Amino acid sequence: MLTAFARAFKTPDLRKKLLFTLGIIVIYRVGTHVPIPGVNYKAVQECVREASGNQGLFGLVNMFSGGALLQITIFALGIMPYITASIILQLLTVVIPRLEALKKEGQAGTAKITQYTRYLTVALAILQGTGLVATARSGALFNGCQVATSIVPDQAIFTTITMVICMTAGTCVVMWLGELITDRGIGNGMSILMFISIAATFPSALWAIKKQGTLAGGWIEFGTVIVVGLVMVALVVFVEQAQRRIPVQYAKRMIGRRSYGGTSTYIPLKVNQAGVIPVIFASSLLYIPALVAQFAGGKSGWKTWVEQNLTKGDHPIYIASYFLLIVFFAFFYVAISFNPEEVADNMKKYGGFIPGIRAGRPTAEYLSYVLNRITWPGSLYLGLIALVPTMALVGFNASQNFPFGGTSILIIVGVGLETVKQIESQLQQRNYEGFLR
């Protein structure tokens, strides 16, 4: 990986792309520290210090924003609205025939879906920004902080609208920065911004574990966490690269005087076909009852049960629910993102077949069978990786936002591997030696 980056910096046009990407990253990180109008900055900083290591319900979104959410900056919402909009559009593509037809139109249809994603991102940013401002005004953003209710001193409607507009504009700027990296940088812009947001929280989280440690001044706990993190990275890289390759043979076809086909290839089915999406879905779904209970008044029975069982990361009911939801969403997302019937029809159309399997329906059934078999270990792997923060909470008395948690490691490793592959492919295009040396 380091060799690829070193060679990229020696290539003039790739060096320009890398420097441009680094410049965009600097702008993005500066924006995560610029507070929006109407916020008492001193009160926010005091509450952030008191809430350090216990970010509660907003921990996941705060991680995706690079710590900007709880500081209520112009990039407070970060890339999360765009991620949510992309997932929603991807799910709706299976349900709405118009979106499915656009997807099949190629580049023009993809551009149209991207435009819909932008519109939905703005709508979600307005919705999430309004919720964040309302939460900050009520003092529920920092439970237990004495000055939480004075974070927004002026609660006039004009101030509230201004704050929402600033956060929505910040989300649009983040979306624009990501597209600039995709067009003029090294590519994969949105994922790189997500990578930077998560990686930016690592140093403070690691240092907090060291400060909370009791063995040798906290250095033993610190070293143990580093070792565990490296082991997890190696495990994630191994599983993310694992594939089940299904061989495909294409029959020869005579078109005019030329012969086409007769080649052999394979269909790569990843063990973790769903990626990090099931973890995000499960986390978001578990946050809903806790969020409703937080804003509900009174002391009803259901509210007490939710607060006792679904807000503590080390509670058995929470652990079991989280694990089962991840397994369910892994199968659900794979079922809607990979269509065996469509793959079988395309193979049949171009004269392809799996050796020993008849074309058409038997091929689709075989693909479904293999996909279900490999999704089981993939979903169990996702569930176990996602429970690492819970084990850290018990073993090291760390926060639920353990630096080497499942979501953060999966995203960082996945984006890192994809970025290195893109750089290597661009290097290969510029340094191709040919068949004769």
Side-chain angles (χ1 to χ4, degrees), residues 5 8-9 14-37 39 41 44-45 48 55 58-87 114 117-118 120-122 124-126 128-129 132 163-206 276 280 401 403 405 407-420 422-423:
F5 278 101
F9 269 102
L14 275 182
R15 183 170 61 245
K16 291 180 180 179
K17 290 185 177 183
L18 288 171
L19 293 176
F20 179 82
T21 302
L22 290 175
I24 296 294
I25 290 172
V26 170
I27 295 173
Y28 175 65
R29 289 305 302 161
V30 170
T32 58
H33 293 87
V34 178
I36 62 175
V39 174
Y41 184 73
V44 170
Q45 294 303 311
V48 168
Q55 297 169 352
F58 303 97
L60 181 68
V61 184
N62 188 60
M63 179 186 69
F64 280 113
S65 66
L69 175 76
L70 295 183
Q71 299 194 24
I72 319 179
T73 64
I74 58 173
F75 290 170
L77 301 178
I79 202 70
M80 200 64 180
Y82 185 86
I83 297 172
T84 308
S86 301
I87 294 173
T114 303
T117 306
R118 293 170 183 160
L120 185 58
T121 300
V122 174
L124 290 175
I126 295 173
Q128 294 179 13
L132 178 60
M163 295 173 68
V164 173
I165 290 175
C166 287
M167 281 190 284
T168 305
T171 299
C172 295
V173 171
V174 170
M175 184 169 55
W176 177 60
L177 293 177
E179 292 181 354
L180 281 179
I181 295 177
T182 302
D183 295 336
R184 301 176 56 185
I186 58 176
N188 212 14
M190 299 300 177
S191 299
I192 288 178
L193 292 183
M194 193 191 312
F195 175 95
I196 296 300
S197 298
I198 297 173
T201 61
F202 272 33
S204 59
L206 287 170
V276 75
I280 297 176
N401 301 290
T407 308
S408 56
I409 288 294
L410 286 170
I411 292 175
I412 282 183
V413 172
V415 174
L417 290 174
E418 186 64 28
T419 304
V420 171
Q422 288 189 356
I423 292 176

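Since this is a predicted model, take the numbers as computed values, not measurements. As a basis for the values below, the full set of heavy atoms in this structure was taken, side chains included, without hydrogen atoms, waters or symmetry mates.
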Atom pair OG1 (Thr114) and CE (Met175), whose distance is rounded to the nearest 0.5 Å: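 The CE atom of Met175 is 10.5 Å from OG1 of Thr114, to the nearest 0.5 Å.
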Just verifying a value: how many Å separate Leu18 CG and Ile423 CD1, rounded to the nearest 0.5 Å?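 Those atoms lie 5.5 Å apart.
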With [X], which residues qualify under side-chain contact (heavy atoms from CB on, under 4.5 Å), at least two apart?
X      : answer
Ile36  : Val39, Ile72, Ile74, Met163, Cys166, Met167
Val122 : Ile126, Thr168, Cys172
Thr117 : Tyr82, Ala85, Ser86, Leu89, Ile113, Thr121

Where do Gln128 and Pro81 come nearest, in terms of heavy atoms and distance?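 Closest pair (atom of Gln128, atom of Pro81, distance): OE1-CG, 3.6 Å.
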Closest non-hydrogen atom pair between Phe75 and Tyr28, with its separation: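 Looks like CD1-O, 3.5 Å.
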A side-chain contact here means heavy atoms from C-beta on lying under 4.5 Å apart; do Met194 and Met80 qualify?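 Counting from C-beta outward, Met194 and Met80 never come under 4.5 Å.
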Of all pairs that satisfy salt bridge (Lys or Arg N to Asp or Glu O under 4.0 Å), the ones with a partner from residues 70-85, not counting sequence neighbours: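 Matches after skipping sequence neighbours: none remain.
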Expected list for residues 19-27: side-chain donor-acceptor pairs under 3.5 angstrom, two or more places apart:
from  : atom 1 : to     : atom 2 : distance (Å)
Thr21 : OG1    : Lys17  : O      : 2.8
Thr21 : OG1    : Ile186 : N      : 3.4

Please identify which of these residues, Ile79, Leu177, Ile181, meets the side-chain contact (heavy atoms from CB on, under 4.5 Å) condition with Ile192.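 The passing option is Ile181.
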For the backbone of Gly189 and the side chain of Thr182, can you confirm whether one donor and one acceptor N or O come within less than 3.5 Å of each other?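 Yes; at least one donor-acceptor contact below 3.5 Å.
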Going by side-chain hydrogen bond (donor to acceptor under 3.5 Å, both in side chains), name the pairs with one or both residues in residues 184-196, residues two or more places apart or in two chains.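 Residue pairs passing side-chain hydrogen bond (donor to acceptor under 3.5 Å, both in side chains), neighbours aside: Asn188-Ser191.
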Holding to salt bridge (Lys or Arg N to Asp or Glu O under 4.0 Å), I want the full list of residues that pass it with Arg118, two or more places apart in sequence or in another chain.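 Salt bridge (Lys or Arg N to Asp or Glu O under 4.0 Å) check on Arg118 returns Glu179.
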